[in-house]
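Just below is one structure, and these are the notes that go with it.
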There are 2 protein chains.
Amino acid sequence: MSDGRAAQVYGGESLLFLTDEQLRQGIEAMFFAYRGFTADPDRILGKMAYGRAHHRAVHFINRAPGTTVNNLLAILGVTKQSLNRVLRTLISDGLVESRVGTVDKRERHLFLTESGLKLEQELSDAQRARMRAAFRDAGPEAVAGFKQVLEAMMDADMRRAYIKLRDGA
Amino acid sequence: MSDGRAAQVYGGESLLFLTDEQLRQGIEAMFFAYRGFTADPDRILGKMAYGRAHHRAVHFINRAPGTTVNNLLAILGVTKQSLNRVLRTLISDGLVESRVGTVDKRERHLFLTESGLKLEQELSDAQRARMRAAFRDAGPEAVAGFKQVLEAMMDADMRRAYIKLRDGA
DNA sequence: CAGCATACGTCAGCCTTGTTGACATTCCAA
DNA sequence: TTGGAATGTCAACAAGGCTGACGTATGCTG
């Protein structure tokens, strides 16, 4: 795997960007950047009785209102018990509404209430502000590359979910 | 914050890449990609008594052999109690060696043992393989942009740590 | 030298968030 | 009508964060 000989020429194109050193830089960049990525919402959530898991649930419910629990489960990649614990508090606190499905009454469709929307706004405003600053600093071409690499890094399932959300649910 | 009017022209340059929609895509890309980023090492660690925290410790000890506990603390951004719990198991399992400092005897310098190196290799091989595939798929320009955006997304402290590691400790 | 600061380890207790396993309910569909 | 799917819930547990408190060894400074 780690042969250290990636700095070869293949098909006439230099592969210097695939050296172990370059890859390590990419790994550490992901690690440090993800910390920044979650820092602002975490700070806000820390003041309440909520955590990152609540943020994620609220984000994706806002993103796809009326989504079912199973749907959310697949996107978040956690067990129903884990998600349920989070949803229970959000529902009892009046941030999320759970409506029984009309066509399939087994399903629950999830929606944000007024206060749920307000929390989502507060959290995503903070996260977007950082993302906006980073995007502006780096410029449009860098942003395109950023998205391209991240998309290539996803598992196939996650890539499908990502694209579906991106291109309109 | 979220004014939806980011699609304006500023200084003669289109800022279409700074719309809320673009920012949201970036946020979701980070979320889904980070899952992929940690998936392979997590799978390996799941078979042992170790977790992601052990991976991080081992990674940075390998990266900067002889680093002190305080140093590692700053990089990882956790409390000494949290780190100590991880280090204790790694040391007692013989993956990490802790040597009393020569110039300052209060400090402990951390090194990977043979088996520590072996684990680190196994984990980072898996992680590098995915990163390599993503880099290759996306191409050199995309990789440059990827790193640029991630660097801009970091907190100032983390950016300093990242650059220090990148440009040689 | 005395006293304060620093580096580290450790104990105890708490929280969030993930896991598995078991079981009840409801309801669609074959 | 019966099996399976979707959901909810209880219990127990583990990882890995956190705070607070305390102890020890060492280094620095007045």
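Letters A, B, ... are given to chains in the order of the sequence lines, protein chains preceding strands, and every chain is numbered from 1.
Nearest nucleotide to the B/Thr68 side chain, out of C/dT17, C/dC8, C/dG18: C/dC8.
Using a 4.0 Å heavy-atom criterion, one finds that A/Lys105 contacts the sugar-phosphate atoms exclusively. Residue A/Arg85 is in base contact, counting any heavy-atom pair closer than 4.0 Å across all strands shown.
Phosphate proximity of C/dC8 to B/Asn84: absent, as no side-chain N or O sits under 4.0 Å from OP1 or OP2. For C/dT16, the OP1/OP2 oxygens have no side-chain nitrogen or oxygen of A/His54 closer than 4.0 Å. Contact check, A/Ser82 against C/dT17: no side-chain N or O comes under 4.0 Å of OP1 or OP2. For A/Arg56, a side-chain nitrogen or oxygen approaches OP1 or OP2 of C/dG18 to under 4.0 Å.
For the salt bridge (charged side-chain N to carboxylate O under 4.0 Å, His left out) with B/Glu28, the lone residue among A/Lys164, A/Arg166, A/Arg56, A/Arg63 that qualifies is A/Arg63.
Between A/Arg35 and B/Asp155 no salt bridge is recorded (no basic side-chain N to carboxylate O distance below 4.0 Å).
Recorded end-axis angle for the helix from C/dC1-D/dG30 to C/dA30-D/dT1 stands at 20°, based on five pairs per end and rounded to 10 degrees.
Cation-pi contact between B/Arg99 and B/Phe111: present, with separation from the ring centre below 6.0 Å and deviation from the ring axis of at most 45°.
Of all nucleotides in DNA chain D having an atom under 4.0 Å from a heavy atom of chain A, the first and last in 5' to 3' order are D/dG4 to D/dC10.
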